[in-house]
Structure formats: structure tokens, C-alpha cells
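Side-chain atoms are counted along with the backbone in the values below, which use heavy atoms only and exclude waters and symmetry mates. Every chain is numbered from 1 and lettered A, B, ... according to where its sequence line falls, protein lines coming before strand lines. Bear in mind the structure is a predicted one, so any value in this text is a computation, not a measurement.
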Amino acid sequence: MEPLLLESKALLRKELREAVARAQEAGRLPRLFVEEIEIETPKDRAHGDLATNLALVLAKAAKMPPRKVAEIIVAELTPTEPILRVETAGPGFINFFFPPSWREEAIRRAIAQGADYGRTAVLAGQRIQVEFVSANPVGPLNVVNARAGALGDSLARILAFAGAVVEREYYINDHGVQVSLLGRSVEARCRELRGETVVFPPEGYQGAYVYDLAREFLAEAPADFWTRPEEERVEICREFALARILARQRADLESYGIRYDRWFSERDLHRSGEVQRVFQSLAAAGHVYEEDGAKWLRTTSFGDDKNRVLLTADGRPTYLLADIAYHLDKLARGYDRIIDIWGPDHHGHVIRMKAALAAAGADPGRLEVLIAQQVNLLREGRPVKMSKRAGEFVTLRELVDEVGNDAARFYFLLRSAESHLDFDLSLAVACSNENPVYYVQYAHARVASIMRQAAAEGMTEDATLLRFPAGKLGLPEEMDLADRVAAFPEVAAMAALWREPHRLTGYLMDLAGAFHAYYNQHRVLTEDRTLAHARLALVRAVQITIANGLNLLGVSAPERM
RNA sequence: GCGCCUGUAGCUCAGCGGAUAGAGCAGCUGCCUUCUAAGCAGCCGGCCGCAGGUUCGAUCCCUGCCAGGCGCGCCA
């Protein structure tokens, strides 16, 4: 079922185009090219339910004042079914008004579709992969990972709701110096726990979790461990720590409500020879040169501001080379789009990655990168210090333990991804109006409460609500609520097209606000049985919309609070 | 120096090129015998960083400045 609002807009576009054509036919408007006709929802209800700037756009080419153009178009317009009235207004807008029956239809569609209400087909036929979090497996996930997690998971839900086939992927950077440093750090702590005085690796990981790993390892260390040479001990420790950390990251993400379709190991790319093959093909394409013993990729030919090393002077592949291989692998898997969510420390890498893909002959336009910007963690308005190397930081796990999944996810999705975010822990736990997530959930729970109250009277089944009497709803607040419900599919579709989950949080807060105001002002379960029936249908439609919206954010919709 | 992100109410931030720029918090004033007060109503609060440009129309697009953050390794 096509969403009502989108359906009505499409119809209007068609009728406007025909009206312009007729006016041109009759010689009342000059022949001119009409592009995509914009239909918007005016902020002010007095300006209609829908409006178009068509006359303003055409005025210059038509060499006529905009209002005149608007009047000519309106004169040719024979509005059908959903349109009650048409007017010209302001500098030359054409405004359209719907009858109350349009809103009743919007309510019926929401109830009829239930959990599917808001689904669209705007991304139908597209395969999209979202890769997010992908933290180095050298320690616990932090708050930026938590933000990226909320963002990626919500985006994946939103894309799927808009008709795309979506896959979630986690890239494991289990190759290279970072993980071997982890091995050294754990091995050093093992010796330390054994009573040796050790020189800790200078760049090693200082966090307390490294001691924990060392203790866990020693509890089950192979009998001959200490007889092995240091390099072997480091390797054994590295593999142990890697497995433990990955398992913990996966568990933390799952309890945060995130599951992946695929965990992709960087090692596999090296082992399979894929990394070398990619290097060979870049070299064969003539984009590689040698300097100071290293092999460089000429990314400047593709828009980068400097060239990048692919193979170091001692022959090791760089992170970039492996990352090119990884992205080529993803593209070769046939996704129409691959969306990466990177941390703030990687935002400078977008251009070089796209340049490198172009050098490899791939279409860089198929890669979209979203940056999950930094999170300033506050408590009581004062900054909480975070430094991974010093080992003092707040983990995703600690955050979720303190504020809960719903508050954490909603809070992260309140802002656009690229804005720097202040996250005040003391606000996120507050059970008060300072905390927006409860505001929205409370609206849902309040409807549930009304439904429980009405259950005795046998009016709460959706099939029954669907048959609510026409003509009973007419209050401005009721029209407003119905309009907001009707707008949901389009909001969800826009969130998908623009990759902006935060549109949903804003929408939901507005919808919840309109509901709370209505709830305080008007009683749903009135003496008038038919009126109560119609109002129940309205608030049920609101409840379904809120539940579906929260679900897209990965936030629960409680029946009571 | 170069690149990316951000400058909107006291604070944190929304705002698809449209009509009178919004919300929450903070401050002030009211509302619980009625479906949940985690709520509602009202007041206070704005050179939309600055200057040009494009446009019928700019908070939004372009250019240049200014300010803040981050990145700029043959680490990841």
C-alpha cells in the first residue's frame, strides 16, 4: 500500500503538470520546460495541507508576475478526490486543502498496516552494506564505538524499512603492529604477575584490562609456556588476547542490540594473497612508483593531496593497501552501495580511500562514508577524561550499564552524525523531562494505558478500531496528530535516502509532544461512545507510529512505565 | 601550512532554497477528585560567526575571511 501522503503528492504533481499543459495549449502560458514539481508541507496550517512553489519557479521564464502564473494554473486545475480546496497565496504559492476524510484514511492505513506502517519502496531493488564500529581488537569498545554502533544499526534498520536489502558487517583489524603490540603488552604483564621486573613496551597498552587478560591467560596457560622463546610467548598471548577481546566486543554489541551478518577478518585478505594481488594490479595499471625503497600509490592523480605508501621499505603492506583490498572485495560482492561508518580520527582518510578505489578501477561513488564524530563525555556538566593509551576511558559496556540501551541509543541518534556530541551521563540516567527518550516512550505507554482501560469495553482490537465512525474527529489537535501520523512514511524514507537517522528522533519527539498536549487537553474515553471509538483509533495510530519509529532506532516501546 | 567537521536563544542542538527560524535544558508563573504529572499551558530569551555573490526568495547553495574541534606516519 502506497503511503497516503506520498500518493496524494504524486497525484497533485500529475494534475499540476496537466494544468500547465492545458494553459499552454490555450496560449495563456508560454511554452517552457517544467522540471520536477516541488510539493511541500507548509509549516503554518493556514497555508494549506500541501503547497507548491510552481508559479514562483515558472514566473521568470514566463515573464509574468508569480501570482498571475499561479492564478492561470489554478484556473486550469480541476482538483479531484483528496483535494477539497485550492487557493493562491503569498508571493505566488498555490495551497491545497484536504477534507477531514483524508485524515481518517491516514489513521485507517496506520492501523491496518500495524508494524509495517511506514514501509516504503524508495530503496527497493538496492543491496546496501553497512560496515560499522570495526574497532581495533586491542581493547574494550569505547563511547565513540557506541555512537557508531547506534548510528550503523539504526541506519541499517531504516534502509531495510525503505525497501533495501541490507547487510551489517564488522571488519576485524587483526593484522599488523597494533595486535602484535597487544601481544607484547599481555606477555609483559604475565611476566610482571610472575614477579619479574619488566620493561613494559613503550607504546604498549596500559589499560587495566591488559592485567585481566594476563591473569585469565595464566589461569589456563599451556604447561610449557615459560619454556618457549619470547617471540612465541608473545604470539600465544596475542592470539589468546585477540580471541578474548573479540568475543567480548561481540557480546557487548549483542547486549547493545546489534548483530552482524558477517565478521570479516583482515588476516584472511593477507592469507588468501588478495592483498598482494591488489598491489600487482595497481602496479600493472601504472599507478605505483618506488621512492626511498617504498612502493607508493599515485593517489594525487585521483584527487588526493599527497601520494600514499602501499608497501613499506621492508616490504610490508600498509593499512591502506589492505583496506583497498577490503573495499574492492566488498564491491565485488555486488552491493549497489557500501556505507562505512568511521570514527573522527579517520575523517581525513575519505579522500585517499576514494582516490585509491578510483585508481583500482572501481567506482568511488559506490562507497559512502559517514563520520561518527567525537563524543565529549560529561558527568554533572564536567568532562570525563578519556585516553585509551593511558587506560583511563569509559567503555561501551560501562555506558550501557549506567544509562541503559534505550537512553544511550536515543541520545546518540538525537544529533546528526557529524556534529560533535556532548553526552552528559547524569542527564541520560535522569528519569525526568530532561531525558528525551522517556518523553517519547511515555507517549507510547500512555496510549497503552488507555487501551487497557478501554479493553473492558471491547473497542481495542485493531479490526474494531479500523471501523471507527467518520466525521467525529475535527479538533485542530486531532487534525494535527493525524497529519503527523500521515507524514511518518515520508520521514522514514527521507532518513533512509539521506542516511540520517536523527530525523526520526526529532520527528518522534514532535509527535510525542503533540500527543501529550492532546492527552492533557481532551479525554479519549468520553461518554460519547462513537467519539471515544474515533479517538481510540487516532491514538492507536499514534501508538503504532511511535512504536515503528522507535523500532527503527533500536529503542524499545514499553507498554507501561 | 593543507584537508575534513562544526559555528543558530544563557547551555545542548533541530531546521528538504520558501510564507512569522524551532525544541529541550536553565530562569519565572500556573495546572493532579477524571484514560500514567517521566505530562501540560504560559512568560522570558535570536545582527542564524562576519563580508560578498547566485536567486523572485538564503540559516540552507557558492567564494573569501574569523573562531573551535579533529586529522595530516613507510601506525591502525
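Among the protein residues, A/Asn173 comes within range of the sugar-phosphate backbone only, with heavy atoms under 4.0 Å from sugar or phosphate atoms but none that close to a base. Within 4.0 Å of A/Asp323, counting heavy atoms only, lies no atom of the nucleic acid at all. Base engagement by A/Ala445 is indicated by at least one non-hydrogen atom pair under 4.0 Å involving a base atom.
Nearest-nucleotide assignment on RNA chain B puts the 5′-proximal partner with A/Ala417, out of A/Ala417 and A/Ile94. Of the two residues near RNA chain B, A/Arg560 and A/Pro317, the one whose nearest nucleotide lies more 5' is A/Arg560.
Within 3.5 Å, a donor on the side chain of A/Asn53 pairs with an acceptor on the base of B/G18, or the reverse. For a distance-only test at 3.5 Å, the side chain of A/Gln374 fails to qualify as a donor-acceptor partner of the base of B/C70. With hydrogens and angles ignored, no donor-acceptor pair under 3.5 angstrom links the side chain of A/Asp174 to the base of B/A76. You'll find a donor-acceptor pair under 3.5 Å spanning the side chain of A/His349 and the base of B/A76, going by distance alone.
Regarding A/His444, its NE2 atom lies at a distance of 18 Å from the P atom of B/A38, rounded to whole Å. Between A/His502 atom NE2 and B/A23 atom C1' there is a gap of 13 Å when expressed in whole angstrom units. Taking atom NE2 of residue A/His347 and atom P of nucleotide B/C2, one finds them 15 Å apart after rounding to whole Å. For the pair A/Leu421 CG and B/G69 P, the computed distance is 17 Å after rounding to whole Å. Between the CG atom of A/Asp424 and the C1' atom of B/A26 there is a distance of 13 Å, rounded to whole Å. Distance NZ (A/Lys43) to P (B/G17): 12 Å, rounded to an integer number of Å. If you take CZ of A/Arg308 and P of B/G71, they are 15 Å apart, rounded to a whole angstrom. Following rounding to the nearest Å, A/Met494 (CE) and B/A14 (C1') show an atom-to-atom distance of 17 Å.
Between B/C75 and A/Arg316, a contact under 4.0 Å exists linking OP1 or OP2 to a side-chain N or O. For B/A37, the OP1/OP2 oxygens have a side-chain nitrogen or oxygen of A/Arg446 closer than 4.0 Å. Taking 4.0 angstrom as the limit, A/Tyr442 places none of its side-chain polar atoms (N or O) nearer than this to OP1 or OP2 of B/C40.
Taking every side-chain heavy atom of A/Val57 into account, B/C56 is the closest of B/C35, B/C56, B/C16. The listed nucleotides are B/C35, B/G39, B/A76; the one nearest the side chain of A/Asn520 is B/G39. Nearest to the side chain of A/Glu266, among B/A76, B/C74, B/G18, sits B/A76. Checking B/U12, B/C40, B/C16 against the side-chain heavy atoms of A/Arg503 singles out B/C16 as nearest. For A/Lys306, taking side-chain heavy atoms from C-beta onward, the closest of the listed nucleotides B/G39, B/A76, B/C72 is B/C72. Here the nucleotide nearest the side chain of A/Asp44, chosen from B/C56, B/U20, B/A14, is B/U20.
Here B/G7 sits opposite B/C66 as a Watson-Crick or G-U wobble pair (both hydrogen-bonding atom distances under 3.5 Å).
Residues A/Glu266 and A/Tyr326 have side chains that never bring a donor and an acceptor to within less than 3.5 angstrom of each other. Donor-acceptor pairing under 3.5 Å is recorded for the side chains of A/His327 and A/Asp340.
Between A/Arg267 and A/Glu239, at least one side-chain N (NZ, or NE/NH1/NH2) sits under 4.0 Å from a carboxylate O, which counts as a salt bridge. Ion pairing between a basic and an acidic side chain is recognised when a charged N comes within 4.0 Å of a carboxylate O; A/Glu169 and A/Lys330 show no such pairing.
Between A/Phe93 and B/G18, no base-stacking contact is recorded for ring centres under 5.5 Å apart and planes less than 30° from parallel. Stacking of the aromatic ring of A/His47 onto the base of B/A19 is found: the ring centres lie under 5.5 Å apart and the planes are inclined by under 30°.
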_Using side-chain hydrogen bond (donor to acceptor under 3.5 Å, both in side chains), reason through A/Asp528 and A/Thr526 one step at a time and then give a plain yes or no._
CA-CA 5 Å; A/Asp528 180 343; A/Thr526 57; 5.5 Å; no
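The shortest distance between side-chain heavy atoms of A/Leu269 and A/His175 does not fall below 4.5 Å.
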Do any N or O atoms of the protein come closer than 3.5 Å to N or O atoms of nucleotides 6-9 of chain B, and which pairs are they?
unit_1	atom_1	unit_2	atom_2	d
B/U6	OP1	A/Glu418	OE2	3.4

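By the 6.0 Å and 45° rule, A/Arg446 stacks over the aromatic ring of A/Tyr519.
Using P as the reference atom, B/G1 and B/G45 are 41 Å apart when rounded to the nearest Å.
With hydrogens and angles ignored, the 3.5 Å screen pairs a side-chain donor or acceptor of A/Arg13 with a backbone N or O of A/Ile37.
Here the CG atom belonging to A/Leu504 is positioned 12.0 Å from the CG atom belonging to A/Leu414, to the nearest 0.5 angstrom.
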